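Beneath this line is the structure, given in structure tokens, with notes to follow.
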Amino acid sequence: MTAKTLQDLFIHSLSDVYSAEKQLTRALPKLARAATNPELRAAFETHLEETRGQIERIDQLVEGANLKLKRIKCVAMEGLVEEGQEQIEEIANGPVLDAALIGAAQKVEHYEIASYGTLCALAKQLGLKDAAKLLHDTLEEEKATDQKLSVLALEKVAEEAQAAQSA
């Protein structure tokens, strides 16, 4: 990546997160299918719809700010998705896999939170008020999803995994 200006950095970072979101739309259905807890499955399905909306928001931002995204692949998301897939393949279906899926999903959320936080700051520095608002909306959605996953982990899945271990 050659970024000579904040604008270059913004476009590269936005292109990267766009790729990450696209990859996530392919990964979330796999996570939902692997989840045995119905609330976790529903959370993944809800987040898939949210992710599609976030992609539309990026499209809206790009059009509104008259930007052109680069065709790049987010290697960080590729690695996170691969890690989740390995867990699906290596851990038997049940509450332990559900706990692993929550962990994998939260790693994704934390990556997205960091990415959108940076993009918000760059958009503000570049005077892109509309873009900053759209990015902030997505940042808040990512934080909310992370919080929902934490609650699920603490209130449902951890208990189920512990009970399965005791049985």
Side-chain angles (χ1 to χ4, degrees), residues 1 9-10 12-59 61 69-122 134-167:
M1 172 191 91
L9 180 60
F10 179 74
H12 178 83
S13 299
L14 190 60
S15 300
D16 190 65
V17 82
Y18 190 77
S19 167
E21 297 290 16
K22 290 283 196 171
Q23 290 179 57
L24 195 53
T25 62
R26 293 185 296 277
L28 282 166
K30 294 175 186 175
L31 296 177
R33 282 191 301 275
T36 56
N37 180 288
E39 290 178 58
L40 180 57
R41 182 177 299 120
F44 288 141
E45 290 166 353
T46 298
H47 194 55
L48 175 59
E49 291 310 308
E50 223 171 54
T51 301
R52 289 178 178 142
Q54 292 164 352
I55 290 169
E56 288 175 18
R57 202 176 284 144
I58 293 172
D59 289 335
L61 179 163
L69 293 180
K70 298 179 182 295
R71 294 183 59 82
I72 59 175
K73 185 170 200 172
C74 178
V75 294
M77 184 60 76
E78 183 178 35
L80 292 170
V81 166
E82 185 177 313
E83 187 176 313
Q85 183 61 41
E86 286 173 4
Q87 290 175 330
I88 290 170
E89 293 168 5
E90 294 172 6
I91 302 172
N93 283 355
V96 174
L97 176 57
D98 286 348
L101 294 175
I102 289 173
Q106 286 195 289
K107 286 179 184 180
V108 167
E109 292 310 309
H110 293 189
Y111 175 75
E112 290 179 314
I113 289 166
S115 296
Y116 284 108
T118 298
L119 282 164
C120 284
L122 289 171
L134 292 169
L135 292 164
H136 181 76
D137 291 347
T138 298
L139 175 60
E140 291 305 312
E141 285 177 356
E142 301 296 4
K143 289 178 181 178
T145 296
D146 181 52
Q147 184 59 37
K148 288 176 197 167
L149 289 168
S150 290
V151 169
L152 256 176
L154 292 171
E155 294 180 2
K156 302 283 183 193
V157 175
E159 281 180 19
E160 292 170 5
Q162 191 66 30
Q165 188 173 342
S166 301

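Worth saying up front: this structure is predicted, and the values here are computed from it rather than measured.
For the pair Tyr18/Ile72, no side-chain contact is recorded, criterion being any heavy-atom separation below 4.5 Å from C-beta on. Using a 4.5 Å cut-off on side-chain heavy atoms (C-beta onward), Leu40 and Leu149 make contact.
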Begin with the C-alpha distance, continue with both residues' side-chain angles, and end with the deciding distance and a verdict on side-chain contact (heavy atoms from CB on, under 4.5 Å) for Ile91 and Leu101.
CA-CA 10 Å; Ile91 302 172; Leu101 294 175; over 6 Å; no
Apply the test side-chain contact (heavy atoms from CB on, under 4.5 Å) to residues Leu134 and Ile58: give CA-CA distance (whole Å), side-chain angles for both, the deciding distance (0.1 Å), then the verdict.
CA-CA 8 Å; Leu134 292 169; Ile58 293 172; over 6 Å; no
Walk me through whether Glu83 and Gln87 qualify under side chain to side chain donor-acceptor pair (under 3.5 Å).
CA-CA 6 Å; Glu83 187 176 313; Gln87 290 175 330; 4.7 Å; no
Using the rule given for side-chain contact (heavy atoms from CB on, under 4.5 Å), can you reason through Leu61 versus Leu14, listing the C-alpha separation, both sets of side-chain angles and the distance that settles it, and then say yes or no?
CA-CA 10 Å; Leu61 179 163; Leu14 190 60; 3.5 Å; yes
Please determine whether side-chain contact (heavy atoms from CB on, under 4.5 Å) holds for the pair Lys148 and His47, giving the CA-CA distance in whole Å, both sets of side-chain angles, and the decisive distance to 0.1 Å.
CA-CA 11 Å; Lys148 288 176 197 167; His47 194 55; over 6 Å; no
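A search for salt bridge (Lys or Arg N to Asp or Glu O under 4.0 Å) contacts involving Lys22 returns nothing, not counting sequence neighbours. Checked against salt bridge (Lys or Arg N to Asp or Glu O under 4.0 Å), Glu141 has the following partners two or more places apart in sequence or in another chain: Arg57. With sequence neighbours left out, Glu45 forms a side chain to side chain contact (heavy atoms under 4.5 Å, CB included) with Ala32, Arg41. With sequence neighbours excluded, no residue forms a side chain to side chain donor-acceptor pair (under 3.5 Å) with Glu90. The side chain to side chain contact (heavy atoms under 4.5 Å, CB included) test applied to Arg71 returns no partner, not counting sequence neighbours. Scored by the side chain to side chain donor-acceptor pair (under 3.5 Å) test, His110 finds Asp146 as partners (sequence neighbours excluded). With sequence neighbours left out, Ser15 forms a side chain to side chain donor-acceptor pair (under 3.5 Å) with no residue at all. Listed by chain and residue number, nothing satisfies the side chain to side chain donor-acceptor pair (under 3.5 Å) test with Thr25 (two or more places apart in sequence, or in another chain). Partners of Glu56 according to the side chain to side chain contact (heavy atoms under 4.5 Å, CB included) rule, which considers only residues two or more places apart in sequence or in another chain, do not exist here. For Glu140, the side chain to side chain contact (heavy atoms under 4.5 Å, CB included) partners at least two apart in sequence or on another chain are His136, Lys143.
In this model, a donor atom of one side chain and an acceptor atom of the other lie less than 3.5 Å apart for Gln23 and Ser19.
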Please set out all donor-acceptor pairs under 3.5 angstrom arising from side-chain atoms of residues 112-119, sequence neighbours excluded.
unit_1: Ser115; atom_1: OG; unit_2: Tyr111; atom_2: O; d: 3.0
unit_1: Tyr116; atom_1: OH; unit_2: Glu21; atom_2: OE2; d: 2.7
unit_1: Thr118; atom_1: OG1; unit_2: Ala114; atom_2: O; d: 3.1

Scan the side chains in residues 73-82 for donor-acceptor partners under 3.5 Å anywhere in the protein, sequence neighbours excluded, and list what turns up.
unit_1: Lys73; atom_1: NZ; unit_2: Glu78; atom_2: OE2; d: 3.2

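To the nearest 0.5 angstrom, Gln54 atom CD is 5.0 Å from Thr51 atom OG1. Distance check, rounded to the nearest 0.5 Å: CD of Glu49 to CG of Leu28 gives 10.0 Å. Between Ile102 atom CD1 and Leu31 atom CG the span is 11.0 Å, to the nearest 0.5 Å.
Contact detail for Pro95 and Thr36: the closest heavy-atom pair is N-OG1, 4.1 Å. Here the shortest heavy-atom pairing between Leu48 and Pro29 reads CD2-CG, 3.9 Å. The two atoms that bring Ala35 and Asp98 nearest to each other are CA-OD1, 3.3 Å, heavy atoms only. Taking all atoms of both residues into account, the shortest heavy-atom contact from Leu152 to Ala43 is CD1-CB, 4.0 Å.
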